[in-house]
Every structure is written in structure tokens, then in C-alpha cells.
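Each chain gets a letter, A, B and so on, in the order its sequence line appears, and its residues count up from 1. For the numbers below, each heavy atom of this structure counts, side chains included, while hydrogens, waters and symmetry mates do not.
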Amino acid sequence: MTLKSRTKITALLKDGAVGSDVTAKGWVRTRRGNKNVAFIALNDGSTIHNIQVVADVAVFGDDFLKRITTGACIRVDGKLVESPGAQQPVEIQAKDIEIYGEADPAQYPLQKKGHSLEFLREIAHLRPRTNTFGAVLRIRHAMAYAIHKFYNDKGFVYLHTPLITASDAEGAGAMFRVTTLDMDNPPRAEDGKVNYDEDFFGKEAHLTVSGQLEGELGALALSEVYTFGPTFRAENSNTPRHLAEFWMIEPEIAFYDINDNMDLAEEFLKYLINYALEHCADDLEFLNKMWDKELIERLKLVAKTKFERLTYTKAIEILEKVDAKWEFPVYWGVDLHSEHERYLVEKHFKKPVILTDYPNEIKAFYMKQNDDGKTVRAMDVLFPKIGEIIGGSQREENLEKLTQRMEKMNIPTDEMWWYLETRRFGTAPHSGFGLGFERLLLFVTGMTNIRDVIPFPRTPNSCEF
RNA sequence: UCCUCAUUAGCUCAGUUGGUUAGAGCACCUGACUGUUAAUCAGGGGGUCCUAGGUUCAAGUCCUAGAUGAGGAGCCA
């Protein structure tokens, strides 16, 4: 017997042999009973379900059992027996109990009753012990695994792109500075500005907002790559859909055009949803029951529905015909607002929508320019409830067109020399997209606030834990 | 960052047109109960009504400012 010797509760409940001696370890959810017998609901995070431990008061004593309160951590040795109770197939008849750690009920903030998600955010160090966050975090893990499995099975190479970057040209948002300079007394150049020549990297550095540009470097050598890592945005965004630190998946593929790109995005999302339905059924049922009565139905529907694909121009035509009072007027060239996207997805098509060929004025410099001179080969995947879940494009592989566009948009081509060399040497048509991991999890779990699908959320004015 | 709403017991909330000593459920403590299922039953303790000003004979309630949180918007993934 070593300390780690135990049977996980998920295994006990699924295929534990009745009559066998078992050891379970975990945290107490509730204890109830009378003067003869105590019932302890024990959970070790391996499943949404608890195992019921039955302890005779005559064996363990009232004083000992009273120390086993909600939140305490215990080891239980006992016999796995069929349960007379209707709500569980088996239970442990305890022979020996060791208390690893008590949890003073007068001070322990979690109770067996429900808490608000807002309150649980204030105790993010303890909220993984709740049913809801246990379920969300297990699903988060399953989705991370499924992402790697999906791309690995397709022969993609997992490319590790840097988190620290000296390039601030992605234009995807405000960045966090990385520096080792003394902020109280930084070195100054003659013009009075901070002299970053003396900083750690000899130049200004920031946390990345996207691994895409480096992803393209990988794709133009390994053909099919993906990144999966944290990204950082210093935007002052206070919404249920934004984080300052979030995870992103960015496949980048040579010899894919925008249609291949859309096919991949749709197959990818459906794969992940089906994976969750297949492997996280218990947790999804719990979330369906507690938070979102239509969750499983919605997941199944999206998994089998063909996404609607149409151009930005067609979408504008549809929206212009709608007899609705838009807060923001609709006309060709306008960047679509969430009210417009929501209308298309939730009212008009009632299914996921992929919009393509946006006006070049509102899209990033690296997107492939169409022959009409007005639009680029962008594609955004819009999901019900979430809005934009994926943004991607076919990339501009023509050096001259790319350089012209960058100059027009005031993007320093000299700093981006390494990016442009891929177009100079053996350029290739290629495409890619970015999926916000937490946005995906919002959809899969039915949670409505992005702070509740990441263990330790980072948002403006919030960096606790 | 803008707009709106909220902040009352450890938690979730009620609190009427401003009016006596601010309530409930759960949690906690004590007791009861021969197998419970967010156990149940009886009793008990627990409050700087977010903070600072102001109006008023009187403020949890009205006004001003601030803090914190949430929803919507913008930005985006």
C-alpha cells in the first residue's frame, strides 16, 4: 500500500465489484444521518457523482464523525456493497476512516446549498470543488485533449509559437509590455523617451496577441500545423465574452483555399461537440439540468447541421431587407455588429453561419485580396449565443500585393521582414483560422460568462489567485 | 471606456407611500430521530443595511459622490 493506493470514485461507481474491499479518498460534500448511522457524500473530482459512505456511529463515535464536515478531506477503507437507497447503486460500508484535513464549517465558504457564480468567482481557489466547476473543468480538459487528437489524427504538427514577441504589428489589440527595466527610473534616450535598447531584449517586447504569423512560418515548411496556447489582450473589455488571458487554437495549412479552410473549421467544431457528447455525458447532463435546459439538444443540433455559408455582401442584402430598427445602420462596407450577427444566426438561418469575403477596409492586412479589389477572403464562423467563435482567412501569398496592402495600412514592412520572406522564397497559397478556446467552452458547457470556463480568469482589475 | 441595474446575516434573498426593536430559507450551535438523498423536526446565536457626505422630526428606503459586482454596447477570439 502506498499513499496513492485508492480506487477513483468514477471507477467504483462504474465497475466496482460488490463485496470487495476498497479504499476511496476525496472531499466531503455533505454528511447527514441520525444517532446510529452517518451518510457521507464523497467526491474526488473524477466524476460529477459522489459515492455514499456509510459509517456506523457505534463504530466511529459521534465526536469523530462530527469532524467530517462539508469540505473535509478523508480516506475511507471499507466494503463496497449494494445500496438499499434508490439514488445510488453502490455505497461503501466504512471500516476505517482517516481525516486528512478538516474544514471548519464556521469558516469554510462552500456549503451544500447552491452558490451564485459571482460569489464562486470570489473564491476561485475553492470553486473547483463544486459540482458545476468540476464538470466545467473536466469538459475543458476533454476538449483540450480532443483538439490535439483531432489534429494529430490528421497529421498536423503542433507548433509552439512564442508568447513573448517583439512584433506589435498583428493589430489584433492592445498588448501587455514585457520589460525588466526599472519602471521607477527607466533609462532615457536623448529625446526623453524610455530607451528600450537597454531593455532585456534590446528592444520593446510584448505578450503575444496571436500565434498566427509564426504559425504561417510553420505551415510554409511543415504544410499543416496548429498552435494551442495562451494569448493576451490588454483591451479594457468588460464583457462576459472577453478575457485578458485566454487560450487560442490556430491551425495554419498550406495548399488550403478559403473553402478548404471552411470545411476544416466546420469539421473541427463538429468533432469537438461530438467528442463532448460522447465522453462528457454525465457532466453535460448535470449542466443541462442545472444551468441550461436546452444545452444537449443544441449541441446535438449543431453537430448534425450543415453550417450556412454566404458572403458578407449577401448577408448585407438580407439585413437591409429586414424591417427592424438597428441600433447601427446596415450598409455595404460596415463592420457587422453583434445585433446583426445575432439576427443572421438566431433569427434568419437558425443555425451556425459562415460569412465570407468581407470588405478589405475592415479586415487584417494578411488576408488574400479578391479580384474585385474590394473584398478579402476572410471567413468568420458565427454561433448561436456566442457570436463570432472562429475568425480566419486565406492568406495573401503574393509578395507585391501583401507589401502594398501593408504600406497602405501603415504596417512597418521592415520590422516584418521575416514574415515577408516567406512570400519571397517559395510562397504558397495557404489558409488558417483562430478558435477561442473559452468561447468554444461557453458553447459546449452552456455557461454564459467566460470567467466561469477558465480556472483562474484574468480580466481588467482582476488578477487574484 | 460608455449606458443601465445591483450592493441588507456566512450564503441566497424579502423589506410597502421614508415611521417603533430590520425578516425568511439555508448554513452554524444545542437537542430529537433505526438508512439518509440539498434528510427531517424543535430551539438558539448571528447585522457598521457597501463607503462618505447631504435632505428630513425621522433614512435600509430619498439626493450627491465614490467603491465593488452584473447585464448591454464598443473592441475582438
Discussion item. When you measure from the side-chain N and O atoms of Arg32(A) to the phosphate of rG35(B), is any distance below 4.0 Å, counting only OP1 and OP2?
Written reply: no
Practice prompt. Looking at every strand, decide which applies to Gln93(A) at a 4.0 Å heavy-atom threshold: base, sugar-phosphate, or nothing.
Written response: base
Worksheet entry | Between C1' of rG66(B) and CG of Asn461(A), the distance in whole Å | 14 Å
Worksheet, complete the sentence: In Watson-Crick or G-U wobble terms, with both distances under 3.5 Å, the base opposite rU1(B) is rA73(B)
Practice prompt. Would you mind telling me which of rU36(B), rU34(B), rU1(B) lies closest to the side-chain atoms of Asn36(A)?
Written response: rU34(B)
Discussion item. If you compare all heavy atoms of Asp44(A) against all heavy atoms of Ile9(A), which two are closest, and at what distance to 0.1 Å?
Written reply: OD2-N, 3.0 Å
Discussion item. What contact category does Phe328(A) fall into here, base, sugar-phosphate, or nothing, at under 4.0 angstrom with non-hydrogen atoms?
Written reply: sugar-phosphate
Worksheet, complete the sentence: When rounded to whole Å, the NE2 to P distance for the pair His340(A) and rA73(B) reads 12 Å
Worksheet item: Between Glu216(A) and His430(A), is any side-chain donor less than 3.5 angstrom from a side-chain acceptor?
Response: yes
Worksheet entry | Whether Arg233(A) side chain and Val209(A) backbone form a donor-acceptor pair below 3.5 Å | yes
Fill in: Ser116(A) side-chain proximity, nearest of rG74(B), rU12(B), rU36(B)
rU12(B)
Discussion item. rU34(B), OP1 or OP2 - any side-chain N/O from Lys35(A) closer than 4.0 Å?
Written reply: yes
Discussion item. Does the plane of the ring in Tyr358(A) sit parallel, tilted or perpendicular to the ring in Tyr312(A)? Use 30° and 60° as the thresholds.
Written reply: tilted
Discussion item. Taking any heavy-atom pair under 4.0 Å as a contact, classify Arg31(A): base, sugar-phosphate, or nothing.
Written reply: nothing
Worksheet entry | G-U wobble or Watson-Crick pairing nucleotide for rC11(B) (cut-off 3.5 Å, both distances) | rG25(B)
Discussion item. OP1 or OP2 of rG72(B) versus the side-chain N and O atoms of Asn238(A): is any pair under 4.0 Å?
Written reply: no
Worksheet item: With no angle test and no hydrogens, is the base of rU36(B) tied to the side chain of Gln88(A) by a donor-acceptor pair under 3.5 Å?
Response: yes
Worksheet item: What nucleic acid atoms does Ile386(A) come within less than 4.0 Å of, heavy atoms only: base, sugar-phosphate, or nothing?
Response: nothing
Worksheet item: rG74(B) phosphate, OP1 or OP2: any side-chain N/O from Ser338(A) under 4.0 angstrom?
Response: yes
Worksheet item: Pro105(A) near the nucleic acid: base, sugar-phosphate alone, or nothing, with a heavy-atom cut-off under 4.0 Å?
Response: sugar-phosphate
Worksheet entry | Val54(A) side-chain proximity, nearest of rU12(B), rG35(B), rG31(B) | rG35(B)
Practice prompt. Mind calculating the distance between CG (Leu110(A)) and C1' (rU12(B)) to the nearest angstrom?
Written response: 14 Å
Practice prompt. Taking only the side-chain heavy atoms of Glu91(A) (C-beta and beyond), determine which of rU36(B), rC76(B), rC75(B) contains the nearest atom.
Written response: rU36(B)
Fill in: Phosphate OP1/OP2 of rA70(B) contacted by Arg121(A) side-chain N/O (<4.0 Å)
yes
Worksheet item: Taking N and O atoms by type only, does the side chain of His242(A) place a donor or acceptor under 3.5 Å from a partner on the base of rC76(B)?
Response: yes
Fill in: Donor-acceptor pair under 3.5 Å, Asn34(A) side chain vs rU40(B) base
no
Discussion item. What I want to check is whether an N or O donor and acceptor connect the side chain of Glu327(A) with the base of rG74(B) at under 3.5 Å.
Written reply: no
Discussion item. Is it the case that rC76(B) (base atoms only) and Ser237(A) (side chain only) share a donor and an acceptor within less than 3.5 Å, ignoring hydrogens and angles?
Written reply: no
Worksheet entry | Under 3.5 Å side-chain donor-acceptor pair for Arg241(A) and Thr239(A) | no
Worksheet item: Under the 6.0 Å and 45° cation-pi test, does Lys95(A) pair with Phe60(A)?
Response: no
Worksheet item: Should His337(A) be listed as having a side-chain N or O under 4.0 Å from OP1 or OP2 of rA73(B)?
Response: no
Worksheet entry | Gln87(A) side-chain N/O to rA39(B) phosphate OP1/OP2 under 4.0 Å | no
